[in-house]
Amino acid sequence: MDTARQYQFVVFGASGFTGQFVVEELARVLDGAEFRESRLRWAVAGRNQKRLEDVLSWAAERLSKPQLKSEVGIIICDVSDPPSLDEMCKKASVVLDCVGPYRFFGEPVIKSCVENGAHCVDISGEPQFLEGMYAKYDSQAAENGVYIVGSTGFDSIPADLGVLFTRNSLQGTLTAVESILTFKAGKSGTCIHDGTWQSAVHGVADQGNLKKLRKQLACKPLPVVGKKLKKRGALFYANEVGQYAIPFLGADASVVRRTQRFLHEHHEETPVQYSAYTAVGGVGSAIKLIFAGLLFVLLSKFSCGRKLMIKYPKFFSFGYVSSEGPTQQQMDESSFDMTFFGEGYSKGKDPQQGKPDLKICTQVSGPEVAYVSTPIAMVQAAVTILKEPGSLPEGGGVFTPGAAFSKTKLIERLNKAGLHFKVISTLGP
């Protein structure tokens, strides 16, 4: 492990709503059996000393670890102050960047990490930011031996590594996968923090720029191997989960596609076709969601609409977003299942000839997605960079989770930490 720097991990944006849970999760992991004797050094970073101290006190109380307040370092820095970011990055082996929306605040952190030799993970679900940072910093990061890994939270560790897990679990060649995501909530309902909402608003607004960026990148289409995966409709009944479903609007499909491109171009692996969907319940729920989605997309396209949605998140989200975020009870009662339905060809059979003769169903499941599963995934991604440098892509660069971690033991780490990968069924000759 890289122990030459003052801190092995720095949580930047530690006093934010998501950041506080990342702090708690990192403290829990570093107090576990794997690291208890290592005495790794870590710090929290942000703009306000008092708020950072409060976060450490909060985590110390929740974990019954009063020593946190004296053991963990504090770094004062600000996205708008590049020299302060440079000082943070010079001290860190791995930066866990929790400051969003990344479209506005992400690039200065990546720039500083690349220039100062610090690896970085973030939890962005914004395709335009993720692909833009790849276009701008991949070569420089590779030259400096720095690993920048985006979308290491719920967006998009379950989807990206779920596809790889499905591929590795099939005794043959996997050629196509569909995933269907289902959310579960308890009697107290569910809620997200308005910071997450703001990222979604600006992400939808930036779709036009994303198309322009992809034209500039001019990537060749991936070859279609095996039977072509047909896209389902904007709303359909998914017999597999017994609910209506819609296409998943997050970054998963974009991230998985980039991973498949990397593995095909650098490791000559068969690219897997992928489509992502979300279950929305019965007919009534589907109609409500379609109406809300159309309103959301329409308002996101105009500056005044975005301002209204950000100013009044609870109203425009029909109560699902608040400035306070979810209660502890809501988080405790929430969970998710992401089920993968794959098909492929048995060993020795040419995928370009005939129909698939293998089917597989796998699942990734875990606790509440935004503030429990996301910190788990982010911390384990950061730990993997530090613990398994020899299993990462050679040299460095800007990567998706699947591209960075396909040869590591990250899935094993996640299974132990609370995100569970399992095979449900296989069918074939």
K.L.:
What I want to find out is whether R62 reaches E24 closely enough, with some N-O distance under 4.0 Å, to be called a salt bridge.
P.N.:
yes
K.L.:
Given side chain to side chain contact (heavy atoms under 4.5 Å, CB included), test H264 with E269 step by step and report yes or no.
P.N.:
CA-CA 5 Å; H264 176 64; E269 295 181 6; 5.7 Å; no
K.L.:
NZ of K407: more than 12 outside heavy atoms within 6.0 angstrom?
P.N.:
yes
K.L.:
Tell me, with the steps shown, if V94 and Y147 meet side chain to side chain contact (heavy atoms under 4.5 Å, CB included).
P.N.:
CA-CA 9 Å; V94 185; Y147 292 90; over 6 Å; no
K.L.:
Using a strict cut-off of less than 4.0 Å between a Lys/Arg side-chain nitrogen and an Asp/Glu carboxylate oxygen, indicate whether E126 and R103 qualify as a salt bridge.
P.N.:
no
K.L.:
Checking side-chain polar atoms at under 3.5 Å, does E131 have a donor or acceptor matched by the opposite partner on S254?
P.N.:
yes
K.L.:
Is the shortest side-chain heavy-atom distance between Y371 and I192 below 4.5 Å?
P.N.:
yes
K.L.:
Are E412 and K416 ion-paired here, with the side-chain N under 4.0 Å from a carboxylate O?
P.N.:
no
K.L.:
After noting the C-alpha distance and the side-chain angles of F405 and E388, does the key distance pass the side chain to side chain contact (heavy atoms under 4.5 Å, CB included) rule?
P.N.:
CA-CA 9 Å; F405 302 124; E388 300 185 59; over 6 Å; no
K.L.:
Do T362 and T166 pair up side chain to side chain, a donor and an acceptor below 3.5 Å, judged on atom types alone?
P.N.:
yes
K.L.:
Check V99 against G13 and note the closest heavy-atom contact, atom names and distance.
P.N.:
CG2-CA, 3.5 Å
K.L.:
For a 4.5 angstrom cut-off between non-hydrogen side-chain atoms, does L161 reach L414?
P.N.:
yes
K.L.:
Under 4.0 Å between a side-chain nitrogen and a carboxylate oxygen: does that hold for K184 and E333?
P.N.:
no
K.L.:
Measure centre to centre between the rings of F296 and F316, then say whether the value is under 6.0 Å.
P.N.:
no
K.L.:
When you compare the side chain of T190 with that of Q330, does any pair of heavy atoms fall below 4.5 Å?
P.N.:
no
K.L.:
Under 4.0 Å between a Lys/Arg side-chain N and an Asp/Glu carboxylate O for K231 and E178?
P.N.:
no
K.L.:
Could you tell me if the ring centre of Y244 sits under 6.0 Å from that of F236?
P.N.:
no
K.L.:
Report, as yes or no, whether the 6.0 Å neighbourhood of atom CZ on F183 holds more than 12 heavy atoms from other residues, nucleotides or ligands.
P.N.:
yes
K.L.:
Would you say C120 and F12 make side-chain contact, with heavy atoms under 4.5 Å?
P.N.:
no
K.L.:
Determine the sole option in S323, C98, P326 for which the side chain to side chain contact (heavy atoms under 4.5 Å, CB included) test with F17 is passed.
P.N.:
P326
K.L.:
Within a strict 4.5 Å, meaning less than it, do heavy atoms of the V255 and D155 side chains meet?
P.N.:
no
K.L.:
Can you confirm whether K65 is buried at NZ, in the sense that more than 12 heavy atoms of other residues, nucleotides or ligands lie under 6.0 Å from that atom?
P.N.:
yes
K.L.:
The criterion is side-chain hydrogen bond (donor to acceptor under 3.5 Å, both in side chains); which residues satisfy it with S179, sequence neighbours excluded?
P.N.:
Y274
K.L.:
Among residues at least two apart in sequence or on other chains, which ones pass side-chain hydrogen bond (donor to acceptor under 3.5 Å, both in side chains) with D332?
P.N.:
Q328
K.L.:
Any idea which heavy atoms bring D337 and S365 closest together, and the distance?
P.N.:
OD1-CB, 3.1 Å
K.L.:
For F104, does the CZ atom have more than 12 heavy-atom neighbours from other residues, nucleotides or ligands under 6.0 Å away?
P.N.:
yes
K.L.:
With a 4.5 Å heavy-atom cut-off, do M88 and L85 have their side chains touching?
P.N.:
yes
K.L.:
Determine the minimum heavy-atom distance between T175 and P351, stating which atoms define it.
P.N.:
CG2-CB, 4.3 Å
K.L.:
Could you walk me through whether V272 and R257 pass the side chain to side chain contact (heavy atoms under 4.5 Å, CB included) test, one step at a time?
P.N.:
CA-CA 8 Å; V272 178; R257 187 163 51 246; over 6 Å; no
K.L.:
Is a salt bridge present between E343 and K355, judged by a nitrogen-to-oxygen distance below 4.0 Å?
P.N.:
no
K.L.:
Report yes if some heavy atom in the side chain of F105 is under 4.5 Å from a heavy atom in the side chain of D97; otherwise report no.
P.N.:
no
K.L.:
Regarding Q363 and T339, is there a side-chain donor-to-acceptor distance under 3.5 Å anywhere?
P.N.:
yes
K.L.:
Only counting residues at least two apart or in another chain, list the ones meeting side chain to side chain contact (heavy atoms under 4.5 Å, CB included) with Q273.
P.N.:
A176, V224, K228, L229
K.L.:
Considering non-hydrogen atoms only, spot the tightest contact between V225 and Q352 and give its length.
P.N.:
CA-OE1, 3.8 Å
K.L.:
Is D160 paired with R258 through a side-chain N to carboxylate O contact shorter than 4.0 Å?
P.N.:
no
K.L.:
Is there a side-chain contact between N415 and F165 in this structure, where contact means two heavy atoms from C-beta onward sitting under 4.5 Å apart?
P.N.:
no
K.L.:
Hey, do the aromatic rings of Y134 and F399 have their centres closer than 6.0 Å?
P.N.:
no
K.L.:
Within a reach of under 6.0 Å around NZ of K349, are more than 12 heavy atoms found that belong to other residues, nucleotides or ligands?
P.N.:
yes
K.L.:
Under a plain distance cut-off of 3.5 Å, with no hydrogens placed, do T384 and T408 share a side-chain donor-acceptor pair?
P.N.:
no
K.L.:
For E25, run the side chain to side chain contact (heavy atoms under 4.5 Å, CB included) check against L30, I376, V11 and tell me which one passes.
P.N.:
I376
K.L.:
Closest heavy-atom contact between V95 and A118?
P.N.:
CG2-CB, 4.3 Å
